[in-house]
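Notes follow once the structure below has been shown.
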Amino acid sequence: MLLSCLDSMSAIDVLRRVPLFADLAEADLCHFAEVARGREYPKNSVILFEHDPGDALYIVSSGQVKVVLVGEDGREVILSVLGDGDFFGEMSLIDDEPRSAHVIAMKDSQLLVLRRDDFQTQLVANPKIALKLLRVLVQRLRRADLSIGGLVLLDVNGRVARLLLDLAEEAGGPKITRRLTHHTIAQMIGSSRETVSRAMRELVERGCIEVSRREITIRQREALVALAGSRA
Ligand code: CMP
């Protein structure tokens, strides 16, 4: 559905929540909202396929998606989990290469889709967007560096501790409300569900974390920092 100017208010609200577009003037936001298309993806549907050509940028209005690589034997590595206000699909728009990974809905998700031309026009017209985009890309590179380092330098307990610290940082406090199964955590840190469950149990027994149905609370941040190595 193409959103008209009059009924694009919800798209404007979504765009305003996206850090990338937060500083845009109202007129630019309105323009983006007019050209954005809303799309719904049910849980488990594939939004982007690795190796496909890329012609659009996607913004998560609501829901949760995962960025994954799938091995020939069907095993998945999760590179990132993205939620409300996050964007993806920018890499192919920037370097004209095919999609670098699959993106799959983890929950029923609503997305806004911006076509390549519309996004690139705004990027050229608004250097602030370009700078913010660079910032997000650098943050993603930092995370990727940490993951690579963790795979080589940390045991599974350390990798779980580091992921929990990352999620707490993202949540802005000790309570992690993003709900990830042990299977998903295992796919994020290159381990098995059983090993992750054991590591989480150990962390609970040592009083480092508390786990309830709705959230994970970090009780002893310093202990997690020590397990995760040099991270402050
Ligand atoms: P693109 O390559 O166009 O399509 C797949 C998208 O997944 C990619 O753009 C990025 O938006 C996103 N992506 C790829 N790797 C990562 C990563 N390590 N962290 C977060 N997002 C990623």
Side-chain angles (χ1 to χ4, degrees), residues 14-15 17-22 32 36-37 39 41 43-71 75-107 109-124 129-154 159 162-171 176 178 180 184-191 231:
V14 172
L15 291 171
R17 289 204 323 264
V18 181
L20 195 59
F21 303 121
F32 260 133
R37 279 176 298 151
R39 281 205 206 143
Y41 290 87
K43 183 176 172 177
N44 293 330
S45 57
V46 181
I47 302 162
L48 294 184
F49 286 90
E50 186 184 358
H51 303 313
D52 271 4
D55 55 2
L57 176 88
Y58 295 74
I59 296 158
V60 183
S61 313
S62 68
Q64 196 173 53
V65 306
K66 58 183 175 182
V67 180
V68 297
L69 298 177
V70 183
R75 274 189 309 154
E76 273 186 16
V77 180
I78 299 182
L79 302 176
S80 187
V81 173
L82 305 173
D84 294 8
D86 288 329
F87 63 85
F88 58 90
E90 77 294 341
M91 287 170 60
S92 292
L93 300 193
I94 292 170
D95 68 3
D96 287 327
E97 293 287 327
R99 297 297 191 192
S100 58
H102 300 285
V103 181
I104 299 172
M106 296 175 82
K107 297 178 182 171
S109 298
Q110 291 195 315
L111 306 180
L112 281 181
V113 187
L114 286 170
R115 287 185 315 125
R116 168 193 290 271
D117 290 352
D118 292 319
F119 180 62
Q120 285 182 340
T121 307
Q122 286 298 322
L123 208 56
V124 172
I129 299 184
L131 280 174
K132 289 203 167 176
L133 181 65
L134 274 177
R135 205 183 164 88
V136 175
L137 293 182
V138 168
Q139 282 165 355
R140 288 181 181 173
L141 181 60
R142 281 183 189 277
R143 274 204 183 157
D145 287 352
L146 278 175
S147 300
I148 295 166
L151 284 174
V152 179
L153 303 172
L154 295 176
R159 284 183 244 160
R162 179 170 280 172
L163 179 66
L164 293 175
L165 288 170
D166 274 349
L167 292 171
E169 189 177 314
E170 178 191 283
I176 300 165
R178 177 175 279 202
L180 300 172
T184 300
I185 292 176
Q187 289 177 323
M188 292 173 84
I189 63 167
S191 182
R231 211 198 135 104

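Every number for a ligand or one of its atoms is a count from 1 in the order of the listing. Counting begins at 1 with the first residue of the sequence.
Atom 10 (C) of ligand 1 has its nearest heavy-atom neighbour, among Glu90, His102, Arg143, in Glu90. By heavy-atom distance, the residue among Arg99, Arg140, Glu50, Glu97 lying nearest atom 21 (N) of ligand 1 is Arg140.
Phe88 pairs with exactly one of Val103, Leu57, Ile59 by the side chain to side chain contact (heavy atoms under 4.5 Å, CB included) rule, that one being Val103.
Residue Phe88 has at least one heavy-atom neighbour below 4.0 Å for each of these atoms of ligand 1: 11 (O). Close contacts between ligand 1 and Ser100 involve ligand atoms 1 (P), 2 (O), 4 (O), 5 (C), 8 (C), 14 (C) [criterion: under 4.0 Å to a heavy atom].
The shortest contact between atom 17 (C) of ligand 1 and any protein heavy atom is with Leu79 CB, 4.2 Å. Of the protein's heavy atoms, Ser80 CB, 3.5 Å lies nearest to atom 19 (N) of ligand 1. Annotation: atom 7 (O) of ligand 1 to nearest protein heavy atom, Val67 CG1, 3.4 Å.
Looking at Leu82 against ligand 1, nothing comes within 4.0 Å, counting heavy atoms.
Around the CZ atom of Arg178, the shell of radius 6.0 Å holds more than 12 heavy atoms that belong to other residues, nucleotides or ligands.
Within the structure, side chain to side chain donor-acceptor pair (under 3.5 Å) contacts touching residues 49-69 (residues at least two apart or in different chains) are Lys66-Glu76.
Residue Ala101 places a heavy atom less than 4.0 Å from ligand 1.
Using a 4.0 Å cut-off between charged side-chain N and carboxylate O, Glu90 and Arg116 make no salt bridge. Using a cut-off of 4.0 Å between Lys/Arg side-chain N and Asp/Glu carboxylate O, Arg142 and Asp145 are scored as not salt-bridged.
Checked against ring pair (Phe, Tyr, Trp, His ring centres under 6.0 Å), Phe32 has the following partners two or more places apart in sequence or in another chain: Phe21.
The shortest N or O to N or O distance between Gly89 and ligand 1 is below 3.5 Å.
Contact between Leu112 and Ala36 at its shortest, heavy atoms only, is CD2-CB, 4.2 Å.
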